[in-house]
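Remarks on the structure that follows.
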Amino acid sequence: MQQTYHPKDIESRVQQEWDNAKAFQASDLSNKPKYYCLSMFPYPSGKLHMGHVRNYTIGDVLSRYHRMKGYNVMQPMGWDAFGLPAENAAMANNVPPAAWTYSNIDYMRNQLKSLGLGIDWSREVTTCKPEYYRWEQWLFTKLFEKGLIYKKTAPVNWDPVDQTVLANEQVIDGRGWRSGALVEKRDIPMYFFRITAYADELLDELDNLPGWPEQVRTMQKNWIGRSYGVRFAFPYTLDGKKDKLWVFTTRADTIMGVTFCAVAAEHPLATRAAQGNPALAAFIEECKQGGVAEADIATMEKKGMPTGISVTHPLTGEDIPVWVGNYVLMGYGEGAVMAVPAHDERDFHFAKKYNLPIKQVIQVPGETFSSDEWAEWYGDKERGHCVNSGEYDDLNYEQAINAIAGDLKARELGGKQVHFRLRDWGISRQRYWGCPIPIIHCPTCGDVPVPDNQLPVVLPENVVPDGAGSPLAKMPEFYQCTCPKCGGQARRETDTMDTFVESSWYYARYASPACTDGMLDLNAANYWLPVDQYIGGIEHAILHLLYARFFHKLMRDVGLLLSNEPFTNLLTQGMVIAPTFYREADNGKKLWINPADVDVVTDARGRPTGATLRADGQPVVIGGTEKMSKSKNNGVDPQAIIDQYGADTARLFMMFAAPPEQSLEWSDAGVEGAFRFLRRLWKAAFDHLERGPVSAYTSGELSTEAKALRLQLHQTIQKIDDDYGRRKTFNTAIAATMELLNALGKFNEDSPTACQVAQEVLESAVLLLSPITPHVCEEIWTALRPGSRLLDQAFPKADPSALVQDEIELMIQVNGKLRGSLRVAKETDKATLEQLVLNHEAVQKQLAGGAPKKIVVVPDRLINVVA
RNA sequence: GCCGGGAUGGCGGAAUUGGUAGACGCGCCGGACUCAAAAUCCGGUGUCAGAGAUGAUGUGAGGGUUCGAGUCCCUCUCCCGGCACCA
């Protein structure tokens with residue numbers, strides 16, 4: 001063993017040894033229990049960022065811990081390789097997205113390897129390769145045939161200048177990011193996955209996922225949003241024809257309070273009313289402005305205009321005016337809503353703004369209704385009952401709904417309906433760098449799925465998009481084809497799939513990544529699935545995780561799998577954040593400065609007083625601490641840390657700075673602290689070995705100090721086992737190891753048994769820490785136990801005999817305030833304790849001669865004297 | 001706007017089931033070593049008062065439950081994530 005710690009040499013050598021031994025290749029045949037540990041695969045954006053390092057270190061720690069606990073571990077890795085950034089990079093650099101993506105993958109794969117992750121690289125999956133996406137296309141055709149995929153129109157962001165569809169991300173303040181043109185809503189035909197057909201199962205199964213964070217399950221429940229309501233119609237006659245305006249409501253009990261209806265700008269009633277009404281036509285045109293993002297629609301000013309058309313209230317027969325509202329969307333629900341201003345806050349404000357009638361039909365006892373101002377109780381369905389509602393008066397929420405739904409049904413104008421907030425999943429994208437949708441449009445046969453023997457539909461890779469429309473739609477060699485059914489001239493679909501589709505099933509493909517005769521190999525898939533531990537960013541709590549759960553059920557129902565859910569345990573990791581610094585330019589714009597180029601100035605107590613740019617020594621402004629991003633220039637390149645300190649230090653810092661689920665603040669000083677600790681560990685082992693070889697303690701008489709050290713060691717083993725296995729709080733596991741080594745540092749005995757105890761502590765510490773810092777631990781282990789590999793060692797087990805304590809310290813409180821402590825034998829009975837505590841000096845002083853009201857004894861913890 | 005989460009010293013965080021608030025690390029202060037610096041090692045470090053023993057106070061704000069609240073309940077403020085075409 002060398003005297004000083006040189007991470008560079010150690011890490012490359014140890015990684016080479018793992019490679020040579022094929023140490024992390026997972027076998028499908030094992031008599032150990034399996035443990036499939038999966039981290040969300042990266043988008044190959046160029047180089048690894050800190051979020052990746054954090055994600056993959058967490059996965060590696062859990063994988064290595066479970067390996068030590070006797071599991072057959074599989075930890076795969078792959079590339080979520082289709083996506084928008086590749087097209088942007090292509091346009092900026094005039095490089096085809098494919099070339100850019102593949103070169104990024106090569107670079108990032110090397111970066112991942114330098115982190116020392118125990119990955120089975122033989123299972124690598126890349127989603128932009130035909131051998132992957134052909135199975136996605138195959139599944140698409142099966143689902144199309146089953147009716148689980150259908151076509152309908154839906155609104156998208158349209159850039160009228162670039163003549164292209166924009167992602168929500170590409171709409172900035174209502175304008176196209178490249179053209180600057182005002183964005184419009186436009187309805188286009190798209191393919192949809194019928195996810196709502198699985199809404200009930202997706203919702204109900206959440207209760208069978210105890211390994212998922214409660215907050216994620218709650219978010220998914222609310223997203224799916226099952227509600228029990230009433231779908232009903234307002235009949236009307238227009239142009240001599242009878243028709244019905246359908247709406248859905250969860251508040252059918254307020255139906256007698258409807259004073260108007262609102263429809264979307266694209267609703268047929270609005271279109272009809274706009275004929276011969278230029279003002280309304282202009283308003284409908286105005287409603288098209290802006291994007292389709294829900295956050296924008298929900299926060300914009302609610303505007304409306306009357307259509308002049310009336311419909312008939314289905315129960316009262318009253319005339320109800322129909323308005324066009326900019327907040328009603330055609331694509332969602334019926335594209336029309338009933339409005340009850342008295343009992344819906346949004347309707348209330350709309351009615352006030354346009355002077356529409358407000359009719360109270362719900363009363364809460366003891367409250368007074370006023371149409372001047374909105375009050376919380378107006379919307380209270382728990383405490384209210386019907387008023388001004390004729391035969392429904394005095395009914396509560398449930399009774400009213402039942403009665404009203406019954407009456408609507410009797411008139412064939414509606415009835416109860418289960419409604420989901422969840423909408424079907426539109427997957428068509430008018431982009432190039434994605435998986436081609438395997439459909440052929442035939443003038444005679446319609447939409448025909450591409451037959452199995454013609455799959456995959458290969459995406460040409462040597463294309464540079466120009467930002468205007470879809471490149472595939474301009475390539476006759478791609479879209480010209482013949483109909484598989486009739487053989488006539490036909491046109492291939494040029495839209496590609498949402499990249500969420502690829503990431504919805506990659507976890508299953510890892511079980512049999514090279515399978516060529518099916519999407520999955522049945523045996524391999526059923527051996528490895530479900531994933532035992534899934535790890536990824538909290539930002540994926542809803543969409544990705546819901547889509548993957550949906551796909552798992554789809555694959556199950558076409559006979560590819562037996563399980564119901566893809567991920568048994570889920571860990572949602574927090575963001576990596578860093579301080580921001582900037583200077584204001586003359587034009588008022590902020591110039592963001594990277595934290596690596598800044599020195600922070602502190603006062604005598606260490607409080608920051610300012611910051612300067614290292615290059616010129618002049619002050620910079622300290623901004624907030626935010627998620628690492630290009631726009632704030634506060635990203636720290638993990639490669640620089642690995643180069644300077646080694647992967648073990650980077651991993652140690654990341655795991656130590658915060659528990660996995662919280663956001664993690666980057667700190668250069670913290671990284672140095674982590675490095676210092678590894679150096680101290682190294683030196684402790686080196687100094688110990690200098691005294692000559694010794695085996696770990698097994699038996700023999702021990703001093704009080706040695707006994708105390710062994711007690712701490714075995715308590716630490718217990719604690720860290722729990723931290724890794726149950727709590728997944730690696731920061732506290734590291735802290736406990738540090739405390740243990742601090743205690744070893746203070747242990748100065750050098751008798752033969754004392755040296756054996758020191759050996760035991762060092763061996764255990766290295767094993768305990770090895771999931772987090774595997775390279776340095778492997779190296780020290782081999783020095784402590786020549787000829788053996790740490791990789792083959794089991795996780796330490798606590799020795800029950802070392803954990804026996806005969807004396808404990810009890811805290812003494814008076815009225816809940818700490819006043820002292822007491823050392824007593826462990827099994828001291830309550831009466832003796834009470835006597836002891838009453839004789840305690842501090843207690844007598846507090847009681848000042850008075851008698852205590854009562855004494856609370858918490859076993860092994862404290863005694864509280866209530867005066 | 002809607003859904004979910006968070007707030008503890010100068011900083012990151014710990015306190016696992018309502019029972020010693022601030023473990024561990026960073027920073028800072030003092031000391032040792034050094035011609036000096038760096039590195040390393042030792043000691044101190046929530047705030048206020050006190051020479052000290054000690055006392056008071058303290059977990060975003062306000063209220064409540066309890067012998068006892070960072071932890072449970074109610075009201076509020078600010079910050080962060082998601083909102084269906086970023087991944």
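Note that this is a predicted model, so its numbers are computed, not measured. We name chains A, B, ... by the order of the sequence lines, and we start the count at 1 in each one.
Distances from the side chain of A:Arg727 to the nucleotides B:A15, B:C85, B:A14 place B:A15 closest. For A:His540, the side-chain atoms get nearest to B:A87 when compared with the rest of B:G5, B:A87, B:A84. Among the nucleotides B:U40, B:C85, B:A87, the one closest to any side-chain atom of A:Arg679 is B:U40. Nearest nucleotide to the A:Arg819 side chain, out of B:G19, B:A56, B:U16: B:A56. Comparing B:A84, B:U16, B:G19 by their nearest atom to the side chain of A:Arg423 picks out B:A84. Across B:G81, B:G19, B:A84, the shortest atom-to-atom separation from the side chain of A:Met575 is found for B:G81. Comparing B:C24, B:A87, B:A84 by their nearest atom to the side chain of A:Leu422 picks out B:A84. For A:Glu294, taking side-chain heavy atoms from C-beta onward, the closest of the listed nucleotides B:C67, B:C85, B:G1 is B:G1. When distances run from any side-chain atom of A:Leu818 to the nucleotides B:A21, B:C67, B:A84, the shortest one goes to B:A21. Taking only side-chain atoms of A:Arg421, from C-beta outward, the nucleotide of B:A87, B:G25, B:A84 with the closest atom is B:A84.
The aromatic ring centres of A:Tyr133 and A:Phe82 sit less than 6.0 Å apart. The aromatic ring centroids of A:Phe350 and A:Tyr327 lie less than 6.0 Å from each other. You'll find the ring centres of A:Phe193 and A:Phe551 inside the 6.0 Å limit.
With RNA chain B read from its 5' end, the first of the two nearest nucleotides for A:Met738 and A:Lys683 is the one closest to A:Met738. For the pair A:Leu664 and A:Gln846, nearest-nucleotide mapping onto RNA chain B gives the more 5' position to A:Leu664.
Using a 4.0 Å heavy-atom criterion, one finds that A:Gly426 contacts the sugar-phosphate atoms exclusively. Base engagement by A:Asp722 is indicated by at least one non-hydrogen atom pair under 4.0 Å involving a base atom. Across all strands shown, A:Asn864 has heavy atoms under 4.0 Å from base atoms, whether or not it also approaches the sugar-phosphate. In this structure, A:Thr732 reaches the sugar-phosphate backbone alone: every heavy-atom distance under 4.0 Å involves primed, P, OP1 or OP2 atoms, never a base. Residue A:Ala293 is classed as a sugar-phosphate contact, given heavy-atom separations below 4.0 Å to backbone atoms only. Counting any heavy atom pair closer than 4.0 Å across all strands shown, A:Glu672 reaches no nucleic acid atom. Note on A:Ile734: nothing from the nucleic acid sits closer than 4.0 angstrom, heavy atoms only. Backbone-only engagement by A:Thr499 is indicated by non-hydrogen atom pairs under 4.0 Å involving sugar-phosphate atoms exclusively. Within 4.0 Å (heavy atoms only), A:Pro659 reaches sugar-phosphate atoms of the nucleic acid but no base atom. Across all strands shown, A:Phe500 has heavy atoms under 4.0 Å from base atoms, whether or not it also approaches the sugar-phosphate. A:Leu862 comes within contact range of at least one nucleobase, with a heavy-atom separation under 4.0 Å. Residue-level contact check: A:Arg346 touches neither bases nor backbone, having no heavy atom under 4.0 Å from any strand. A:Phe656 comes within contact range of at least one nucleobase, with a heavy-atom separation under 4.0 Å. Residue-level contact check: A:Thr737 touches neither bases nor backbone, having no heavy atom under 4.0 Å from any strand.
Atom CZ of A:Phe192 is separated from atom C1' of B:A84 by 10 Å (rounded to the nearest Å). Following rounding to the nearest Å, A:Phe730 (CZ) and B:G12 (C1') show an atom-to-atom distance of 18 Å. Following rounding to the nearest Å, A:Met219 (CE) and B:C3 (C1') show an atom-to-atom distance of 8 Å.
When the C1' atom is compared between B:C11 and B:C83, the two are found 34 Å apart, to the nearest whole Å. B:U20 and B:A32: their P atoms are spaced 39 Å apart (whole Å). Straight-line distance between the P atoms of B:A14 and B:U8: roughly 11 Å, to the nearest whole Å. Remark: the separation of the C1' atoms in B:U34 and B:A53 is 39 Å, to the nearest Å.
Between the base of B:C85 and the side chain of A:Gln430 there is a donor-acceptor pair shorter than 3.5 Å. Scanning atom types as modelled, no donor and acceptor separated by under 3.5 angstrom connect the side chain of A:Arg861 and the base of B:U20.
Under the 6.0 Å distance and 45° angle rule, A:Lys683 does not count as a cation-pi partner of A:Tyr5.
Between A:Lys817 and B:C67 there is no side-chain polar atom (N or O) within less than 4.0 angstrom of OP1 or OP2. Proximity of A:Asn742 to the phosphate of B:G25: a side-chain N or O atom is located under 4.0 Å from OP1 or OP2.
Ring geometry, A:Phe550 versus A:Tyr198: the interplanar angle exceeds 60°, so the pair is classed perpendicular (tilted spans 30 to 60°).
In this structure, A:Ser629 contributes its side chain and A:Lys632 its backbone to a donor-acceptor pair below 3.5 Å.
Sorted by first and then second residue, the side-chain hydrogen bond (donor to acceptor under 3.5 Å, both in side chains) pairs with a member in residues 183-195 of chain A read A:Tyr191-A:Asp447; sequence neighbours excluded.
Nucleotide B:G82 is shown with an anti base, its glycosidic torsion being more than 90° from 0.
Under the 4.0 Å criterion applied to side-chain N and carboxylate O atoms, A:Glu301 and A:Lys353 are assigned as salt-bridge partners.
Pairing partner, B:G30: B:C42, with both Watson-Crick or wobble hydrogen-bond distances short of 3.5 Å.
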